[in-house]
Amino acid sequence: MKALPRRFYTRNTLIVAEELLGKRLVRYIDGSEMIGRIVEVEAYGGSDDPGSHACRGMTPRNQLMFREGGFAYVYFIYGKHYCFNVVTEKRNVPGAVLIRALEPIKGIETMKRNRGIHSVLNLTNGPGKLAEAMKITKKQNGLDLTKSKELFICESEEKEERFEIVSTRRIGIKVGVDKPWRLYIKNNKFVSRK
DNA sequence: GAGAAGATCTCCT
DNA sequence: GGAGATCTTCTCA
């Protein structure tokens, strides 16, 4: 399994978001391996996107969004949850893709332990849930996804079946809801909301 | 230094 | 379908 190269990430955020669907998110920790198929994402931009953390310029938290693509941007929200994003675009152009849902492929027992539940359907069907299942925390913030051995994204090993992409307005934000920048794989059971 | 809001989840009805 | 949990981050004084 080979991590996607830098040039995959240093492109337009919406293109990266769309092409991330169907890819594999791979996580190695404590000798165990977890893999999930990316089935739902949301794109976030810069000053043109009021729903983005980066809409008012750089701050200590969002500075990663201004780096070149290919880094992990993880933040803590609502006092309980971590959200995992992939940084996109060239240096000084803010952009990131929030990974909202995965279809568990491998390491399902480990994910169940991490989440403390038995239902596979509820393991990774939301941004906070998949971070907990894969033990993604602030420690992974700033990780280089093109070089890291513990967390990266790659092509699927088997041939990926063709799927249809649905785009809707984004979830959980109050501004910038006019942009249809939430993308998910049609008819997939692990998408967070229909 | 204080106050408010947040890219969510879970539990309860 | 709705509220509460709970803490980080940003804004403003």
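Residue numbering restarts at 1 for every chain, and letters A, B, ... go by the order of the sequence lines.
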Grab the [atom1]-[atom2] distance between [X] and [N] for me, whole Å please.
X	N	atom1	atom2	result
A/F84	B/dT8	CZ	C1'	17 Å
A/M65	B/dA7	CE	C1'	10 Å
A/K80	B/dT10	NZ	C1'	7 Å
A/Y78	B/dT10	OH	P	15 Å
A/Y82	B/dT8	OH	C1'	14 Å
A/H53	B/dA5	NE2	C1'	11 Å
A/R170	B/dG6	CZ	C1'	15 Å
A/I99	B/dA7	CD1	C1'	12 Å

Within 45 degrees of the ring normal and closer than 6.0 Å to the centroid, is that where the cationic atom of [X] sits relative to [Y]?
X	Y	result
A/R37	A/Y184	no
A/R11	A/F8	yes
A/R170	A/Y44	yes

Open item on the list: Do the side chains of A/R24 and A/E158 get close enough for a salt bridge, i.e. N-O under 4.0 angstrom?
Closed with: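 Here A/R24 pairs with A/E158 in a salt bridge, since their nearest N and O are under 4.0 Å apart.
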- [ ] Run the ring-centre check on A/Y82 versus A/F84 and record whether the distance is less than 6.0 Å.
- [x] no
TODO: Find the partner of C/dT6: check Watson-Crick (N1-N3 plus N6-O4 or O6-N4) and G-U wobble (N1-O2, O6-N3) distances, both under 3.5 Å, and reply none if neither fits.
DONE: none
Open item on the list: Suppose we define a pair by two distances each less than 3.5 Å, Watson-Crick or G-U wobble; what does B/dG1 pair with here?
Closed with: C/dC12
With a 4.0 Å limit, can you tell me whether [X] has a side-chain N or O closer than that to the phosphate oxygens OP1/OP2 of [N]?
X	N	result
A/K174	B/dG6	yes
A/K129	B/dT10	yes
A/K179	B/dA7	no

- [ ] Map A/I173 and A/E132 onto DNA chain B by nearest heavy atom, then report which one ends up closer to the 5' terminus.
- [x] A/I173
Open item on the list: What contact category does A/R193 fall into here, base, sugar-phosphate, or nothing, at under 4.0 angstrom with non-hydrogen atoms?
Closed with: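 Nothing, no heavy atom under 4.0 Å.
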Open item on the list: For A/H81 and A/F76, find the nucleotide of DNA chain C closest to each by heavy atoms; which residue's nucleotide sits nearer the 5' end?
Closed with: A/H81
With the criterion being N/O to N/O and under 3.5 Å, what pairs connect the protein with nucleotides 10-13 of chain C, and how long is each?
unit_1: C/dC10; atom_1: OP1; unit_2: A/T59; atom_2: OG1; d: 2.3
unit_1: C/dC10; atom_1: OP1; unit_2: A/R61; atom_2: N; d: 3.2

Open item on the list: With the criterion set at under 5.5 Å between ring centres and under 30 degrees between planes, would B/dA7 be stacked on A/Y75?
Closed with: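 A/Y75 ring does not meet the centre or angle cut-off for B/dA7; no stack.
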Task: Evaluation steps, side chain to side chain contact (heavy atoms under 4.5 Å, CB included), between A/L151 and A/L25 - done: CA-CA 8 Å; A/L151 183 67; A/L25 179 63; 3.9 Å; yes
Open item on the list: So which atom in A/S192 and which in A/G126 form the shortest heavy-atom distance, rounded to 0.1 Å?
Closed with: CB-CA, 4.2 Å
